[in-house]
Amino acid sequence: MAAVSPYEMPEAGSGHRQPVVSMRRIEKRFPGVHALKNVQFDLMPGEVHALMGENGAGKSTLMKILSGIYPKDDGEVLIDGRPTDVPSPRAAQDLGISIIHQELSLMNDLTAAQNIFIGREPRLSFGRLDETALNRRAAEIFASMNLKLDPRALVGRLTIAKQQMVEIAKALSFNARVLIMDEPTAALNNAEIEELFIIIRRLRTEGVGIIYISHKMDELKRIADRVTVMRDGQHVGTVAAADTPVDRIIAMMVGRALADSALTVPDLAGAPVALEVKGLARGREIRDVSFSVRKGEILGFAGLMGAGRTEVARAIFGADPREAGEIIVDGVRRDIRTPADAVEAGIGYLSEDRKHFGLAVGMDVRANIAMASIGRFTRRFGTLDETAMRDAARAYIEQLTIRTPSDRQEVRLLSGGNQQKVVIAKWLLRDCDVLIFDEPTRGIDVGAKSEIYKLLNGLAAQGRAVIVISSELPEVLRLSHRIAVMCEGRLTGILPGGAGTSQEDIMRLATQRESVMQPMGGMQ
Amino acid sequence: MSTVEASPRASLAARLFQSGAHQKLLAFASLVILLIGFSLASPSFMQTSNIIAILQATSVNGVLAIAATLVIITGGIDLSVGTLMTFCAVIAGVVLTYWGMPLPVGIVAAIAAGALCGLTSGTFVAKMKIPPFIATLGMMLMLKGLSLVISGTRPIYFNDTPGFTEISRGSLIGAVIPGLPIPNGVLILFLVAMAASYILGRTVLGRYTFALGSNEESVRLSGVNTDAWKMAVYALAGGICGIAGLLIASRLNSAQPALGLGYELEAIAAVVIGGTSLAGGRGSILGTLIGALIMAVLANGLRILSVAQEWQTVVTGAIIILAVYADMMRKRRMG
Amino acid sequence: MSTVEASPRASLAARLFQSGAHQKLLAFASLVILLIGFSLASPSFMQTSNIIAILQATSVNGVLAIAATLVIITGGIDLSVGTLMTFCAVIAGVVLTYWGMPLPVGIVAAIAAGALCGLTSGTFVAKMKIPPFIATLGMMLMLKGLSLVISGTRPIYFNDTPGFTEISRGSLIGAVIPGLPIPNGVLILFLVAMAASYILGRTVLGRYTFALGSNEESVRLSGVNTDAWKMAVYALAGGICGIAGLLIASRLNSAQPALGLGYELEAIAAVVIGGTSLAGGRGSILGTLIGALIMAVLANGLRILSVAQEWQTVVTGAIIILAVYADMMRKRRMG
Amino acid sequence: AQDKVYIPLISKGFQHQFWQAVKAGADKAAAELDVEVTFEGPDNETMVDRQIDMLAAALAKKPAAIGFAALDSQAAIPLLKQADEAGIPVIAFDSGVDSDIPKATASTDNVSAAALAADKMAELIGGAGKVAVVAHDQTSRTGIDRRDGFVNRIGEKYPDIEIVTIQYGGGDHLQSTEITKSILQANPDIKGIFGTNEGSAIGVVNGVREMDRKEVVIIGYDSGTQQKQAIRDGLMAGAITQNPVGIGYETVKAAVAAARGEEVPDTIDTGYYYYDKTNIDDPEIAAVLYD
Ligand SMILES: Nc1ncnc2c1ncn2[C@@H]1O[C@H](COP(=O)(O)OP(=O)(O)OP(=O)(O)O)[C@@H](O)[C@H]1O
Ligand SMILES: Nc1ncnc2c1ncn2[C@@H]1O[C@H](COP(=O)(O)OP(=O)(O)OP(=O)(O)O)[C@@H](O)[C@H]1O
Ligand SMILES: [Mg+2]
Ligand SMILES: [Mg+2]
């Protein structure tokens, strides 16, 4: 592909300074995948350069080359205008390049502070650790991020969002000149995203160059100076964020314009109740949660991080124990103790943490898609019908445009977004009456996102009950027929969907602390 | 969707290979090198009788290693394979010699006892959440003691059960093809390998075996009754140890209650040399067979060369490391 | 930020506990139950002489288990601890008896030999990417053979080195407090435990030990030379095995070249009973000490009760499982 | 329960038939003399320190006397001294203890017994040819004595006999079988093999049978059902037997006497015999064989 791009390449804000990073003609191949083809990219000091593109476009791969994780096959990397080798993560660090990876890569058995300073521990003589200084410095970083987190908390016990904040803190602790953020906000809620933006703006004024990868289009305008778009491993163009409409960027990403249909809330008054939850409770995490979903309905769940939405979903699904509460599916009280019971009762749950709870990443796409539906592919004597499994897998690969060389590719080799699609395919194939989607679009590109919205609407239209837990309020508003809002383990209210409800309405309920609690929510 | 795939009914041999297809079985090269090396070093080595001796020497350890492979693929480990083998041999002895039951009853009893003990280990692991290492270590000790208790710390002989020694020593193949007196023990090893390979590659149980080792929690959250499947794998492995028990008892024409300790490490070594990962989620029966063969060829070859025993041990250790290293290198080069 | 921390210089005892603080050492309860049970069952059990015998019996396995703990926390496993111990004992024998060097030279030689062998295993694992199970299995076999080769398959006696037996059998404590004739072997176990615990909890090496077991890739991506640190951990573990070698040689007044096989499983069992996870990333020395004590108390108590030997094995297996189960239950209840 | 005289026997092993036969003799004496006997030994003969732990536990029970088959005399000396100081008489059995603490030693002379096996082997193969040894242990006292007794006698008296290889199978039946097969494979002209204990001897028999080399002369050691059967079947030429039941019996008897303060003889030679098809049913031989 020629380096000629159909779009102009505007310079970053101030003057004609030299790019701090310049990547030229980058090539990268994996077995079966030509991940990067003749890619150009540059970064000015003091700019926020957004890197956009569909799932599997090659964004993470490009950044891994820049940060010394993958060797490039061809092309050159210039740092401060000089051709430079980045043979290892250590070399990248020494060059002042710091990266927040898309997939969390923390040591769960170590504390937050220990994670942040791994490899750079403050030391006393004889290799002794200065734990006090370690915790103090971590606390300082957290304070600068306005983050309330105990530096001595074990990372494995933190929520994903908190873990993501630890990753960010770690990247910040390097005081790098180049900061790469690969989907830092995928697991964050609005408040945390605001804090992150404050940090990013501060760094920008300090002259740090920031590469920002995200699938959240609304963030572009707010934070990016320039936008580079990639498609199919190729550089499509680089534009100034301020004077390029989002639609145009989307068009560059997906190669066409996306038509977004408005939400129409169906009248479900007469529809039978598919799932009813009564008095669900466990300790301080879930406090007397009751609600119901009708067939054909999409019930959104909104709330701040740690509000307990995931806990509620897992308790319904039997993944965690519950102390009290009834679960009624299709009018029948079901005794759900394990996920197997839940699936038996027709409930499916797509977890928010695909790597740990959604996928067997060492297995292939086909096996993962079939994982919840093996019974359907079992013939006499327990043998598997591989042909049927293959056909089913391929159908979903096509329907969800999962980018993979074949259905036998190991899932760990897919890009993050495509992995998420595999989990979705798994539950679509299972064909449940009640589907709980926990953050279904985490890490999914705009094009695919609208595909998934279509899909969720389609599921509802087929008469299924759909519960969508999402930390993106626009998404909740865009999808939900009704919106349940949680705060501190309680259901603080259920709002009607559609134009009548605003983000502010939701936030009010989401921050409704115990003191102002009123008996509300529950059954309609 | 159009049909692009190979024929869905692959040949048996293809099946044996298939479950380890993405595994790139390179331990094979080490085996070939060993074979060539020993052939050059000693003319006694590459003779039919010796090849058969090697195969026969592989049979018991091979069957045990297959059992261990299944458990290891789930991400567990089974330290009890050796003493369970002995326990099953003792059970066969009790049923056949002490109770005087007919041969098939003894065979079924040994395999059933193995499956039951495997199920027990599986229950410890799946239901009681005891780490497999401890659950099977405890089982190993318990079975070691129980074998002695049941047998009265005496070997049990099978002199009253004509035909029992045929299980391992006879040669059905030799009866058909006179030039090829492959003992039944080897045939049984091969059949067990085929069956295990089929189960791993083609059945629900096999699919879950890999899935459990790959990410158990995600499988559980897919609505699979992971505990039950895990117990099934341990039970299957136990049943296979029962077969090993029959093989060794038949070969020694006796159930030796004190035998079996130390066999677990040898079996696990064969599994790992064969490329199965102790972390679970990947592995193949063919690899394990090759691993077991490597161990047997090494032992046989060094003995044939009359290498001093202490040096045999040193060389064995070094070659195990080298074989796995060679495997690693090639895997890395192939990406 | 204000100071929130506890005093940075904790007491020695607190340190011993600290690295296992989040571990909730509940194996301890099993130990207490065993102690109470045996005391009630036999008056011979709770006597000073017997308690000292138990501690003495713990010392060698305890030190080995500490070495194994370090490697296990990195997510590896060390099967060579037993034969490495023997190898170091033989080296001490060669240096002291065959070469007639003074005692300190022998001590240094044994520990250095251990560290060197550990470093070799570590190199196999870190540089050659051989799975720890295989690397240390190979090492175990090589060392087993080499001990026999070097010693000429004969025990080496330390009769010409007066004072050598004092390493384990003498009692410095008893010299100070006459009523408490705790053998030096036990003192050494305690000192090794303190040191290991300090290293784990307070030094860079300890930090990387846990970090490697928790997520090696992430440590590597943080720019740490993971290979070097891993090799350091294996070398340290090897050095500790060298101390175990001195202890056992001193206790037996001889280096027994054939000893050591099977000790690795016992050491690993102590580690796991003590709550250290075989998956790596978590564990404590105190837990390991308790695990080793549980094994020693069990063995001694059952002997004191004159339980038939075959039943001793059965009961040991069952109690190991039960102890870990009890631990699991309480951990789960405490979340 | 401690009113009965209590005598623990710490042996070198437990699971092997030989040790079970010793135990049977000890139990017999215990029943006759109305004393309580326990019998314990480590899993294999390398575990010197485990044996010491067993001895320590036995001493803690304050027995009237102790029977002890030392894996390594030196290693046990501190504990034996402790016993001596506590006035607990020690009776050594199976092989001696290099110390004057034991009041008596009930044992077999393994070296001369193995030499007898060498003589028989030479006689059966006509004084010339290749032979091999499948031994049970490379480092234990019994293993070394039987190997050396055999090898030295061949070296001294039979210059035309060549010992081609000595390999060790740990007394494990299966391993000894595989070893034997390798030896037969590598030496097509081998004339005889000596197996130094029951497991080794049975392994040799199995190996010869599986390789169908029935012309090879096998001499075994100890007894047991299979070995006796092999001798009756003519597969094994003959074997050395000790008198394990006698060892156990005499040990307990001497221990009881010593506990009562009676004089006991320094050494109690329990003897050894060569048996083959011709004398296996003699009452004198049958009495010392076990199943
Ligand atoms: N290690 C690997 N082996 C094989 N293929 C890989 C590997 N890493 C990435 N790929 C492939 O390279 C392509 C680019 O992946 P990359 O992770 O860079 O995408 P991305 O743009 O970051 O997507 P997403 O938005 O989903 O994170 C994908 O098709 C992916 O499957
Ligand atoms: N692994 C864990 N260990 C300890 N506490 C946890 C863990 N996971 C969640 N929590 C706590 O449980 C509570 C509920 O968290 P949950 O994840 O259900 O919230 P949520 O509403 O789904 O928010 P999120 O947007 O983060 O998913 C929070 O207080 C959280 O800190
Ligand atoms: Mg990506
Ligand atoms: Mg959540």
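As the structure is a computational prediction, the values presented were derived from the model and not from experiment. Within every chain, numbering begins at 1; the chains are lettered A, B, ... in the order of the sequence lines, protein sequences first and strands thereafter.
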How many angstroms lie between CE in M128(B) and CE in M329(C), if you round to the nearest 0.5 Å? 9.0 Å
Interface moiety of L137(B) toward chain C, non-hydrogen atoms closer than 4.5 Å: side chain
Go through the atoms of F124(B) and report whether side chain, backbone, both or neither lie under 4.5 Å from a heavy atom of chain C. side chain
Within a strict 4.5 Å, meaning less than it, do heavy atoms of the T313(B) and L148(C) side chains meet? no
Distance col, row Q309(B):CD vs K144(C):NZ, nearest 0.5 angstrom, shows 7.5 Å
Matching residue for L141(C) among I320(B), I321(B), V314(B) - test: side chain to side chain contact (heavy atoms under 4.5 Å, CB included): I320(B)
Among A308(B), G138(B), A323(B), which residue forms the greatest number of heavy-atom pairs with chain C at distances under 4.5 Å? G138(B)
Segment of T153(C) engaging chain B (4.5 angstrom heavy-atom cut-off): side chain
Heavy-atom proximity to chain C below 4.5 Å, by part of E264(B): side chain
Using a cut-off of under 4.5 Å on heavy-atom pairs, state which of I130(C), I273(C), I77(C), V272(C) scores highest against chain B. I130(C)
If I measure from the heavy atoms of chain C, does A269(B) come under 4.5 Å with its side chain, its backbone, both, or neither? both
When only pairs under 4.5 Å are counted, which of I134(B), L261(B), L146(B), V324(B) shares the most heavy-atom pairs with chain C? I134(B)
Per-residue tally against chain B (heavy atom, under 4.5 Å) across K129(C), M139(C), Q312(C) peaks at K129(C)
Report yes if the side chains of L265(B) and M140(C) come closer than 4.5 Å at any heavy-atom pair, otherwise no. yes
Can you say whether L143(C) sits under 4.5 Å from chain B via the side chain, the backbone, both, or neither, judging by heavy atoms? neither
Could you have a look at T316(C), V315(C), I268(C) and say which one has the most heavy-atom pairs with chain B under 4.5 angstrom? I268(C)
